[in-house]
Every structure is written in C-alpha cells, then in structure tokens.
Amino acid sequence: MFHRFTALSSPRRFYAIASAWLPWLSVLTALGFAVGLYWGLIVAPPDYQQGEAYRIIYVHVPSAWLSLMVYTVMAGAGLVALVWHVKLAEIAVYECAVLGAWFTALALGTGMLWGKPMWGTWWQWGDARMLSELILLFLYIGVLGLHNAFADSRKGARVAAVLALAGIVNIPIIHYSVEWWNTLHQGATVTRFDKPAAHSSMLWPLLFMGTMFILYFSTVLLARIRVRILEQEADRQWAEEVRRG
Amino acid sequence: MNARQKRRLGLAVAVSVGVAAGVALMLYAFQQNLLYFYSPSQVAAGLVEPQTTFRLGGLVARDSVQQETGSMEVRFALTDGAHSLPVHYRGLLPDLFREGQGIVTLGKLNEAGVFVAQEVLAKHDENYMPPEVAEALTEAGRAPVGISW
C-alpha cells in the first residue's frame, strides 16, 4: 500500500495517471456544474425571508468550504514537502495556494454582494468571520510570494511550506468564529452537530454544488500539477518524448 | 523514516504547535475586542464603559417598533430574552428589519439609558426554508424568524 503511494510521488508516474484521468474528470465537472447550477438557481424554491437573493449561497458557501479545504490539503502537502522533500508535494503546495486564493476571493466577493442588500453593509471590519477569511486570503498570497521569493525554487517551496503549516491555525478559527464571538455573519447552516438548518429542497442542491466544487478543484489541481511537472522535468528524456507526442 | 526526516517532522510539528499556542493566547487576551457587538444582557452587566460608542445586537422586540408615517425616526426595543434596551434611530432601515428579526446597531447610550443608534444592520440567521414551510411553522406556533442566531 505504502509502496503504491510512494510510486505516485514520482513525477513521471503522476503525469501518466493525471493524463489518463483528466478527460473524464473534466467532462464530469462540466456536467455536474450544469446540473448543480440549474438545480440551485432554478429548481430550488425561494427563501421565506430573502426571496431569490439567497441563491448566492450555491456559489458562496461551496467557495467558502473549499477555501478551508484547499488550505488543509495545502498544509498536508507542505508537511510532506518539509519532511520528505518530495518534489510533487512542493508543486502541490504552490498550485493549492493559487486555487485556494481564488476560492477565498470568490467567497469574500459573493459575501459582500449578498451583505449589501441583506445586512445593509458590504463589509464590517469588526466581524470575526469576515476578518479571519480575509487573513486566509493573505496567507494564500503569502505562500505564493514566499514560493517565488528565492532564486532556488526548491528552497522557496520549503519556506512557503512552513508558512502554510503555521497558518493552519486559522482554519478552526474561521470555522468557529461565528460561535466563539458575536458576529454579523450567521452561524453554520450545514456543518454543525445539529441537523442542517436549511430545508431539504435547498440543502440537497447546496451539498451537490459542494461536491461539484470539490470535483472542480481536483480536476484543475491535477491539470495544473501536470503542466508544472512537464515544465520542471523539461530536461528529462520522458518529458522530451511527451512534448514530441 | 530516517533520522533526518524524523528531526524535520519534529521541527515542523513544533513550529505549528508553537504558532497555534501563540495565536490561542493572543485571541484569549483580545477576546473582548473581538466581540463584534454586545447583547443587552452584557450591557446590563456593565461590560460597556459609559460614553463609548459600541455595537448593540439583539432581536427587535415584538410590538415595540414605533415609526410615524413620513418620518425617518424610529423607536424600538432590542432584546436578548433576558434584558432589553430602548433604541432610537434616524435613517434608512435594511430590507430585513422587522419585529423578531436579529439586528446589530452602532451608537451610544444617552443619559436616559436610551441607545441612540447611528447605524442599523440586519443580521440574518442560519435558517433557510421555502415560504410555504415558514407559513406552516408559523401556523403550528413555532415562529421561524430569529429562532437561533
């Protein structure tokens, strides 16, 4: 089992596996998004208080979930990169940071769009949920910056991995911010011990969209790592063969 | 795992745990500052310094909203179930403002103990449901608005 796992960390093997999976994953993601968006934006009923405006949760909530999940994946890859010096893990840290930053920006942006009509404000600095999510964006950007800050890219990767690991403390803070402190942001609807506080007709499309976001992340992460491998292994013979087709 | 890898793992874990402990202590020390708003009970308990501008959050008490037609002035009581405070506000109210709704206001207490608000924000709760379900809940005597937040 462990041997099969370590074999995966060979860039060449990973490249081959990613190439085989990508077409299927891409088609599945595209179809899934079409179904999920139709389900959430058209089929699901309006909310009793917010009317149609609540539908932004079908993008906002999955982006926010992914912003946390991607960070956890990134920190895990960072640990592997630090301890075992696995090249593939170093690449994964960087690509996770790119994607995670986008998910975080999307969560912040859609949240602001919803906040203005519903709360009456775009942004509140004093709100622990908003502030901790903004810090998450800075952490991602910091990882990207450190990664690129060294002439020796492998050294940069390890320094960035340290920041990725240290920043993991922000993940539980974001999740529990709405419970630990009084916030303008509402509490958790789905990820809580009680049963979810959304009606099933709204909950299912939300969970479906969440799954599709995970699928999208996996697909794009694979595609990005695949390109990065080819770039870094450009002087190897197998990479040369791949390029020639 | 060889000795060098074990050492690196130890170091990585130590750094993460150290940072986490530092942040935890910091958050603990700043706990009061991280409160986005105070509840009427916290105000009653004297947690707010007099003459300071602060945020007050709670539910708009039922049958407490007084607004003259054609006027921007509105008076209502803000409650958290245990305590309530009279609020006076002049300005536009957000769409979700209604009795029983959770709101957050910014302002200060005057000598008469009335909270004079300069900003009123609506707080949405985590409950999402179709209108028919909300109606059914209301009929069953279980108000869907502002149950928990």
Side-chain angles (χ1 to χ4, degrees), chain A residues 44-51 53-54 57 75 78-79 81-85 114-121 124-131 158 161-162 165-170 172-173 177-178 180-190 192 194 196-203 206, chain B residues 1 4-13 15-24 27 31-39 42 55 57 92-98 101-104 106 119-135 137-138 144-145 147-149:
Chain A
D47 182 60
Y48 75 112
Q49 266 199 326
Q50 308 170 44
Y54 93 97
I57 65 164
L79 185 68
L82 270 179
V83 177
W84 288 277
H85 291 188
W114 181 87
K116 186 59 185 170
M118 290 302 153
W119 291 332
T121 181
Q124 289 288 302
W125 285 106
D127 185 278
R129 171 56 71 79
M130 294 176 214
L131 205 56
R158 272 174 231 147
V162 173
L165 262 181
I168 192 94
V169 62
N170 194 28
I173 294 179
S177 55
V178 290
W180 290 345
W181 301 292
N182 295 338
T183 53
L184 184 60
H185 195 287
Q186 57 264 41
T189 294
V190 181
R192 58 185 205 164
D194 279 346
H199 190 261
S200 57
S201 58
M202 300 161 153
L203 181 66
L206 180 60
Chain B
M1 217 196 291
R4 274 177 74 190
Q5 287 168 346
K6 271 194 190 132
R7 209 188 56 228
R8 289 192 212 123
L9 181 64
L11 207 66
V13 171
V15 167
S16 311
V17 171
V19 170
V23 172
L27 290 180
Q31 197 151 34
Q32 286 303 319
N33 306 46
L34 276 165
L35 281 184
Y36 178 66
F37 59 82
Y38 292 89
S39 64
Q42 286 169 323
R55 287 199 175 81
L92 282 175
L93 294 166
D95 287 0
L96 283 178
F97 182 92
R98 60 197 76 176
Q101 176 74 40
I103 61 159
V104 178
L106 176 74
E119 181 187 64
V120 172
L121 301 177
K123 184 169 157 50
H124 186 259
D125 62 33
E126 69 272 35
N127 298 296
Y128 296 84
M129 61 186 101
E132 310 85 66
V133 177
E135 245 165 63
L137 274 181
T138 316
V145 184
I147 319 162
S148 59
W149 60 292

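Keep in mind it's a predicted model, so treat the numbers as computed, not measured. Hydrogens, waters and symmetry mates play no part in the numbers below; they use all other heavy atoms, side chains included. A, B, ... follow the sequence lines: proteins, then strands. Residue 1 opens every chain.
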Okay, side chain of A/Asp47, backbone of B/Tyr128: is any donor-acceptor separation there less than 3.5 Å?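 Judged by distance alone, no pair lies under 3.5 Å.
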Is the ring pair A/Trp114/B/His124 parallel, tilted or perpendicular, if the boundaries are 30 and 60 degrees? perpendicular
Roughly how far, to the nearest 0.5 Å, is the [atom2] atom of [Y] from the [atom1] atom of [X]?
X	Y	atom1	atom2	answer
A/Gln49	B/Arg98	CD	CZ	4.5 Å
A/Trp119	B/Ile103	CH2	CD1	15.0 Å
A/Leu79	B/Leu9	CG	CG	6.0 Å
A/Met118	B/Leu121	CE	CG	13.5 Å
B/Phe37	A/Thr183	CZ	OG1	6.5 Å
B/Leu96	A/Gln50	CG	CD	6.5 Å

Check each atom of [X] against the heavy atoms of chain B and say whether the ones under 4.5 Å are side chain, backbone, both or neither.
X	answer
A/Leu203	neither
A/Ile168	neither
A/Ser201	side chain
A/Ala188	backbone
A/Val83	both

Quick check on B/Arg7 against chain A: is it the side chain, the backbone, both or neither that has a heavy atom closer than 4.5 Å? neither
Flag the pair B/Leu106 / A/Gln124 as yes when at least one side-chain heavy-atom distance between them is below 4.5 Å, and no otherwise. no
State which residues pass salt bridge (charged side-chain N to carboxylate O under 4.0 Å, His left out) with B/Arg8; sequence neighbours excluded, sorted by chain then number. none
